[in-house]
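Before any comments, here is the structure.
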Amino acid sequence: MTHEPNAIPSRLDPERVPRRDLLGLTALWTAAGTLFFSVVGMMRIPKAAVLSSPSKKFRVALPDTLAPGVAYVPPGRSVALFKDEKGVHAISTICTHLGCIVRPETAGFECPCHGSRYDAAGVVTKGPAPKSLPWLKVVNAGGQFTVDEGATVPPGTKVSA
Amino acid sequence: MSVKEPPSAPTALQEFVTNLKAAPRRIAETAVRSGTPDTDRTRSTFIFGNVFLHLHAVRTHRWTLRWAATLGLGIASVAAFLLTLITGVLLMFYYKPYTDVAYQSIKDIHFVVPTGRLIRNIHRWAANVMVVTVILHMARAFYTAAYRKPREFNWLIGMGLLVVTLGLSFTGYLLPWDQLAYWAITIGANIAQSPREVTDALGLTDVFDPGGLQKLLLLGSDAVGAEALIRFYLLHVMILPLALAALLSVHFWRVRKDGGLAKPADVDQRLGTPTVPTYPVFTMAPNKTYQLAAIVRGRTPAVGRGPENTVPSMPHLFYAELGVFMLTVLVCVALSVWSDAPLKELANPLVPENPAKAPWYFLGLQELVAFSAFAGGIVVPSIVLIGLGLIPYLDRSDVGTGLWCGGPGGWPLVRRSIAVGLGIALAVEAFIIRFGWLREWIPGIPQLVITVVNPGTVITLLYGAWSVWMVRRFSSARAGALALFTCFLCGFVVLTIIGTYFRGPNWGFYWSPADWPKH
Ligand code: HEM
Ligand code: FES
């Protein structure tokens, strides 16, 4: 409906928001702006800046009797360590599917949750796991080994014992 | 006019005593201002004078009161929710959301706190009952085509309610901090992370990682731990119940504003004249005249029946609601006496529960997730939710509103869709249980192929094809919706039953837990 400049506004055809309602518009827009920025600000809270998880580095001594191809799982860790003539390596035992802990089996790993299976190098051979098990960084600390669960290395990387 | 001399004005003390004696009666009168709801008018004021009751209309259509109209499922959901609310608050007296004491506090509730076990059982059972009734209530609304104009938006609100109900249940599942809880939530959180399945395959994860962000927001850490427990607790006792209450208020309000429940257009003919005696209505009807104003004041000559085939909500609707309410309470309490809520060993982040199972209503999803986390846990559920949300906006006709299986196709179509839905789900499941899936045949197949082609997407695609066929055959969106909804409901049932009863260690298929390997 066109708005005649001189027409007397009726209840059915109310006058437009006039310029002198600057105050009202300011209130409206500041309210909208405040809401927007405070929500954005509050969204920052749930995204943790520092993760509460315990240190991912740990030191371990391998048993002398550890046979090649047999996994050694340090108590309290989700890592399997192996030793052979080429050296020592560590493979994460956290299933890449949905995070269950895989069991080292002969020549590979098996996940109890949805039956994923990995070979000795951690490559998926069966089941829903989308990726291979990552190899973890190992450093020889003079007889003992430091494993960093937070750092991966290319598969095949071994550290001399 | 002669003015009578008052005998003798009461003293202030006498007046005080009289008022004191009258106080209880007056308190009652002022609380319920309209008096006993025994006339038509006081029955109305009883409702609209009360802030809680006035979400109801003053009068209710007789169609709505037939039990076949709703099966009482909405009220049963409310009843179950109130039960979880009351028992939940009681549990909060003793529950402690810290990883070192949470498990012990549940044990205390279960074994030491007086009636603690019953309260906990009722909480758990009512939560389960609520999920069932909410799903069935949605099915009722769907099959009676009650989502149509003007109720489209209330259908969307209802979907919000479904999501929040499932969220409550999922967050509550972690709180006992036992093996069951820990591993179900670990799996759930990694499903939230599963968009990485695609971003990893495309090599994008370093720059674009929505999956990782979702998991981080959910757990506040990279594994289920103290942060996750606090978050889940906060969601469970505060944020989600408040969200549910807010959505519920809108839901009820709109039911009323949309003119009560959906009814067929020819509802009066269908009902015929009342055969059951109704409470006398409009007893103050004058014998001769009535006018428009008189209707407003509650007067028309009709006796026993209002102008719109309605009866007073008090008592007809309220007593029916109370009946359903009490029945729900009975069912929940009976289940709680009969069977205890589970509590396994303390959570152990090093040894997964085997099999690790989520609550039963997520086991259908878990069955799909056992092939591709992203497709089964995110893509298929999203398709289902979006599809459900679009139904009222795609089906714009009004044939069969308010009638079971109303609309083109009707019950024969639904019957055939049940067969198709069960058949496809069972066939695909039988196939994968017998022959395995892609990776077993082609080792080294790229993950992206499995994410796209897996049992979840195959079933969804077949259901979609059936539904499109029905749309064309009946040239009606409603026929397609009937087909698709029925199929998904059947698929849900099949997958849930397989996940619950036929999956054992390593998610292997077993006819019965007796066949599970010992370890
Ligand atoms: C529709 C709503 C709700 C559902 C579906 C639900 C579901 C659950 C579930 C499945 C559990 C695990 C119970 C167990 O293992 O025994 C739980 C625990 C708990 N819920 Fe709820 N709940 C709901 C509402 C509430 C409300 C409103 C509160 C409090 C205001 C609450 C407080 C608690 C507490 C403190 C626990 C821990 C105690 C325990 O695990 O036994 N819940 N809930
Ligand atoms: S978590 Fe290992 S197969 Fe699912």
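Throughout, a chain's letter reflects where its sequence line sits, starting with A, and its residues are numbered from 1. The shown structure was predicted, so the numbers you read here are calculated from the model rather than taken from an experiment.
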How about B/Trp441: does its CH2 atom have over 12 heavy atoms from other parts shown lying under 6.0 Å from it?
yes
Checking B/Arg231 against chain A: side chain, backbone, both or neither under 4.5 Å from a heavy atom?
side chain
Atom group of A/Arg77 that falls short of 4.5 Å from chain B, counting heavy atoms
backbone
Shortest non-hydrogen contact from B/Leu350 to A/Ser78?
CD2-OG, 3.6 Å
With rounding to the nearest 0.5 Å, note down the distance linking OG1 in A/Thr96 to CZ in B/Arg196.
12.0 Å
B/Lys344 atom NZ: more than 12 heavy-atom contacts under 6.0 Å
no
Any idea which heavy atoms bring A/His97 and B/Ala370 closest together, and the distance?
CE1-CA, 4.3 Å
Any non-hydrogen side-chain atom of B/Asn506 less than 4.5 Å from a side-chain atom of A/Arg103?
yes
Ordered numerically, the heavy-atom neighbours of chain B under 4.5 Å found in residues 123-141 of chain A are A/Val124, A/Thr125, A/Lys126, A/Gly127, A/Pro128, A/Ala129, A/Pro130, A/Lys131
Measuring heavy-atom distances to chain A, does B/Ala373 have an atom under 4.5 Å in its side chain, in its backbone, in both, or in neither?
both
Would you mind checking which part of B/Ile191 comes under 4.5 Å of any heavy atom in chain A, side chain (CB onward), backbone (N, CA, C, O), both or neither?
both
Flag the pair A/His114 / B/Ile187 as yes when at least one side-chain heavy-atom distance between them is below 4.5 Å, and no otherwise.
yes
Is there a side-chain contact between A/Leu98 and B/Gln366 in this structure, where contact means two heavy atoms from C-beta onward sitting under 4.5 Å apart?
no
Region of B/Asp222 that comes under 4.5 Å of a non-hydrogen atom in chain A
both
Pair count under 4.5 Å, heavy atoms only, with chain B: among A/Ile101, A/Val73, A/Ile94, highest is A/Ile101
A/Cys111, part contacting chain B, at a heavy-atom distance under 4.5 Å
backbone
Which region of B/Pro446, side chain (C-beta onward) or backbone (N, CA, C, O), has a non-hydrogen atom less than 4.5 Å from a non-hydrogen atom of chain A, or is it both or neither?
neither
Is B/Val369 in contact with chain A via its backbone, its side chain, both, or neither, using a 4.5 Å heavy-atom distance?
both
Looking at B/Gly436, B/Pro352, B/Ala201, which has the largest count of heavy-atom pairs under 4.5 Å with chain A?
B/Pro352
Side chains of A/Cys113 and B/Trp507, heavy atoms from C-beta outward: is any pair under 4.5 Å?
no
B/Tyr98, OH: over 12 other non-hydrogen atoms inside 6.0 angstrom
no
Relative to chain A, which segment of B/Leu213 carries a heavy atom at a distance below 4.5 Å: side chain, backbone, both, or neither?
side chain
